[in-house]
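I have placed the structure first, in the form of C-alpha cells, so that the comments after it can refer back to it.
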Amino acid sequence: MSEVFTQQIEQFAADAKAKTSQPRKGETFVEVDQAKVREFISRLVNEAHVVHLSTMTGLDLDQNLGIIYHFTYGPGWVQVKTFVPKTAPTTKSIVDIIPGAILYEMEIHDMFGVTFEGNPWIDKKLLLPDNWPADLPPPLLKTSKPADIRKRLQLEAPHK
Amino acid sequence: MPRRRTGAAIPEMFRVMLEKPTTEAYPYKPIELTQRYRGKLDIDPAKCTGCQVCAMVCPAGVITMIELGTRKVGDRELPVRRPIFDLSTCISCGECVDSCAFNALELTKQFELATPDKKDLMMTKALPK
Amino acid sequence: MSNDQGKPTRREAPAGLIQYSVENLVPFGPIHPALKEPEYFKLVLEGERIVEVIPRIGYVHRGLEKAAEMRPWMQNMYMFERTCGICSFVHSLCYGQAVEGLTLFQTPRRAKYIRLIIAELERIHSHLLWVGLMGHWAGFDTLFMWVWNDREVVLDIVEAISGNRVHKSMNAFCGVRRDMPENMEDRTVERMKYIADRARFYREIIDTEETMLERTEHAGNKVSQETVEKLCAVGPMARYVGLRNDVRLNDPYAAYDEVPFDIVTRNEGDVLALLRLRLDEMVVSANLVSYAVKHLPDGPFRVLIPPVIPAGEHSSHCEAPRGEIFYYVKSGGDRIPERVKSRQPTMANLPTALEILKGQTLADIPVVLTAIDPCFGCMDRMSFLDTETNKQWTWSGEQLRQYGIRYYFPERFKK
C-alpha cells in the first residue's frame with residue numbers, strides 16, 4: 001500500500017512542479033512553490049486522504065522564511081515545505097481545508113511574523129503578551145536577541 | 001446503560017479505616033530513600049585534576065573553572081584550573097558524575113538543602129587552601 | 001428542559017466548526033499563586049448556555065525553542081524534559097529519537113525495553129492523577145484521596161529505577177543512562193497486579209455511583225468522527241469517538257513492535273466514555289510493564305555517540321498520556337541545533353475542546369474542560385458575558401467548582 005501511496009505523492013508533486021526527496025524510509029519531503037501549496041494540500045487531503053496535520057513549523061533561512069506542514073499518515077510523514085520572502089511575509093491560510101490548523105497558524109504569526117490571509121483569528125495574539133511593542137521583531141528570528149526582548153518588556157533579572 | 005446503585009464504595013471505606021496511614025511523619029521520623037536516590041553533589045579534592053569535562057557537560061551551568069596559574073610539564077606551560085560549584089542551580093542529573101574520568105564526583109543522599117542565603121550552597125572545597 | 005426526575009438535561013447543540021464572533025470583554029489577570037498553570041478563557045453565554053469560547057494561552061511560555069538554539073544537544077534533553085512534570089519522560093524520549101535518526105547508530109534492544117517500561121509507568125500515574133482530578137471537580141473528593149494513595153505505588157517503582165520521582169533523567173542518545181536494578185521483577189509484577197485491581201475497582205465506582213454518573217454521562221457536545229479528524233485531535237480525544245489513532249500501533253517506536261498489546265477505543269462520545277477509556281488503558285499499561293520486565297533482553301544499555309550530529313532534518317512522534325507528541329529537529333552539522341520544534345498534545349486538542357463546549361451549561365465547564373486532560377490548571381480566572389441580560393462578571397476556579405456542585409446536587413446544601 002505504501003508503494004502506491006508514494007507514487008501518488010510523486011504524481012501530485014510532478015503536477016505542481018515540486019521537488020521531492022526521501023532521506024529516510026517513511027519520510028518524504030516535498031518543496032512546493034508558495035503559489036501552488038494550497039492546491040497541493042487540498043489534493044493531498046481530498047484524494048489521498050491524508051487528513052492528520054501534526055503541526056506546522058516556521059524556519060528562519062537567510063533571505064526567506066520557511067513554513068513546513070507536517071502530515072502524518074500511519075507509518076510515515078509527508079512534510080510539505082514552502083518559502084515566503086522576508087520582505088513580503090504573506091501566504092494563504094488552509095483553515096477551510098483543515099480547520100485544525102488555526103492555532104498553528106496563529107503561533108507562526110506570533111513567532112515569525114507571517115500573515116495567513118483567510119484565518120479568522122489572525123489579528124489576535126496567541127502566545128505573545130498584550131503589551132508587545134509593535135517595532136520589536138518577532139522572537140524566533142535569528143536576529144532577535146533575548147536580552148533585547150527582556151529590556152524592552154522591562155523584565156530585567158535582578159542582580160545576584 | 002449503567003445502573004445506579006449505592007454502596008460500591010462501602011467495602012473500600014472499611015478497608016481504608018483499618019489500614020495504616022500512608023502519610024509519613026517526616027520530619028519527626030526519618031524518611032527512607034531508595035538506593036539510587038540522587039541528592040546533593042560532593043567532590044573529592046584529592047582526585048580532581050582540573051580537566052574541566054564536568055563544566056562542559058553540565059546542563060544547568062553549575063560549574064565554573066577558576067584559573068590558578070600554570071605548571072611546567074617537560075618544556076610546556078600547562079594551565080592549572082579547579083572547579084567551584086553553585087549548588088543552588090544543580091538539578092542532580094548526574095552528568096558530571098558519569099563523565100568524570102577520575103571518579104572525583106559523587107551524588108550523596110542529602111536532600112535538606114533549604115537555606116535563606118544562597119552563598120551557603122557554594123562548594124569551593126576543590127580549590128587549594 | 002428537564003428529564004423525568006426533574007433534573008436538568010443537556011441540550012444537543014448544533015454541530016458546526018469554529019466561528020468567530022463577539023468580543024468586548026475586559027480581561028482579568030490569570031496569575032494566581034494557588035494554581036498550577038494559568039490559562040484564560042472568554043466565554044459568551046446566552047442565559048445558562050455557552051455560545052462561544054475564545055482561548056488565550058501563553059502565560060507559562062518559557063521560550064524553550066529559542067533557548068534550544070543556544071545549547072549543545074545533550075543539554076537540550078534535560079531542558080525539554082522539564083517542559084512538563086507529568087509527561088516528562090516522553091518529551092525527552094521523543095527529542096532523543098528525533099536526534100538519533102540523524103546519526104547512524106542504533107539503539108540496543110535492552111534500552112528499548114527499559115524505555116517502554118518507564119513510559120508505561122508514566123502513563124499509569126498520569127491517568128490515575130486525571131481520574132482523581134475528575135473526582136475533585138465533580139464533587140467526589142474522596143476519590144481524589146484514594147487515587148493519590150495508589151500513585152505512591154507507581155512512584156516507588158520509578159524512584160527505585162531512576163532515583164527521582166518526577167524528572168527521571170533516564171534518557172540519553174542511543175540508550176538509557178542507568179540499567180535496571182537487580183531483583184525488580186517480582187516486586188514490579190506484584191505491584192502491577194495491584195494497579196490493575198484498583199483500576200477495575202474505579203471502573204465499578206464510575207459505572208454505578210450517582211455523583212460521577214450525574215456529572216459525566218452525556219456531558220460534552222457529541223461530535224462526529226469526521227469533525228474530530230478535521231480538527232486534528234490526538235490521543236484519547238480521537239479514540240473516544242471510535243478512531244483507531246494510536247502512535248504505538250500505527251508507527252511503533254521503542255519496543256512496541258515486539259510486545260503484544262491492543263489499544264482501547266470507545267464509541268459513545270461523552271465524558272463517561274473518556275473515563276472508561278483511560279481506566280481501561282491503565283490495565284493495558286500494567287500488563288505491558290509486567291510482560292516487559294519478565295522478557296527483558298540481555299546486552300548493553302547504551303551506545304556512546306560523538307557530540308557533533310550530522311546535518312539534516314528529522315522528526316519523531318510518541319504517544320504521551322495525553323496524545324501525540326511531535327518533535328522536529330534541524331541540524332547544521334554543529335554542536336548546537338539549528339531549529340527544534342516541539343508540539344504538545346494539549347495544543348492539538350484545544351480546537352476539539354472548544355467544539356465540545358458549545359451548548360453546555362455553565363456548571364459543566366470544569367468537568368468538560370478537564371476531560372480533555374489539559375496540561376495546565378486552566379480554571380484560574382474566567383470572564384463571562386451574558387448576552388441576554390448584558391451582565392459581565394468574573395469568577396475564580398473554586399467559585400466555578402462550587403457553582404457546579406450546587407447546580408447538580410442542591411439537596412446537599414439544604415439546611
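None of the values given here were measured: they were computed from a predicted structure. Naming: A, B, ... by sequence-line order, numbering from 1 per chain.
Surrounding CD of A:Gln63 are at most 12 heavy atoms belonging to other residues, nucleotides or ligands under 6.0 Å away. Counting non-hydrogen atoms of other residues, nucleotides and ligands closer than 6.0 Å to CG of A:Asp135 gives a total above 12. Shown here is C:Gln106, whose CD atom has no more than 12 heavy atoms of other residues, nucleotides or ligands within 6.0 Å.
When all heavy atoms of C:Cys232 and A:Val51 are compared, the closest pair comes out as SG-O, 4.2 Å. The shortest heavy-atom contact between A:Pro146 and C:Met70 is CG-CE, 3.6 Å.
Atoms NZ and CG, on C:Lys341 and A:Leu59 in that order, are 10.5 Å from each other to the nearest 0.5 Å. Between the OG1 atom in A:Thr72 and the CG atom in C:Asn245 there is a gap of 10.0 Å [rounded to 0.5 Å]. Note: A:Glu27 CD to C:Ser315 OG = 4.5 Å, rounded to the nearest 0.5 Å. One finds the CG atom of C:Leu231 at 10.0 Å from the CG atom of A:Leu103 (value rounded to the nearest 0.5 Å). Here the OG-CD distance, from A:Ser54 to C:Glu324, works out to 4.0 Å after rounding to the nearest 0.5 Å.
In this structure, C:Arg343 contributes its side chain and A:Tyr104 its backbone to no donor-acceptor pair below 3.5 Å. Judged by distance alone, with hydrogens and angles left aside, the side-chain atoms of C:Lys66 form a donor-acceptor pair with the main-chain N or O of A:Leu141 at under 3.5 Å.
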What verdict does the salt bridge (charged side-chain N to carboxylate O under 4.0 Å, His left out) test give for C:Glu313 and A:Arg24, after you've listed the backbone C-alpha separation in whole Å, the side-chain angles of each residue and the deciding distance to 0.1 Å?
CA-CA 10 Å; C:Glu313 318 174 84; A:Arg24 268 162 292 271; over 6 Å; no

Audit row: C:Arg339, A:Asp60, side-chain contact (heavy atoms from CB on, under 4.5 Å) steps and yes/no:
CA-CA 9 Å; C:Arg339 174 87 169 103; A:Asp60 182 10; over 6 Å; no

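Note: A:Lys142 leads A:Gln79, A:Met111, A:Met106, A:Lys142 in heavy-atom pairs under 4.5 Å with chain C. If you tally non-hydrogen atom pairs under 4.5 Å between each of C:His314, C:Lys330, C:Glu69 and chain A, the highest count goes to C:His314.
Put simply, the side chain of C:Met347 does not reach to within 4.5 Å of the side chain of A:Thr55, judged on heavy atoms. A:His52 is listed as a side-chain neighbour of C:Val234, based on a closest heavy-atom distance under 4.5 Å. The closest side-chain heavy-atom distance from A:Trp77 to C:Phe326 is below 4.5 Å.
The part of C:Ala233 that comes within reach of chain A is its backbone (N, CA, C, O), which places non-hydrogen atoms under 4.5 angstrom from that chain. In this structure, no portion of C:Thr352 lies under 4.5 Å from any heavy atom of chain A. Interface residue A:Ile97: only backbone heavy atoms are found under 4.5 Å from chain C.
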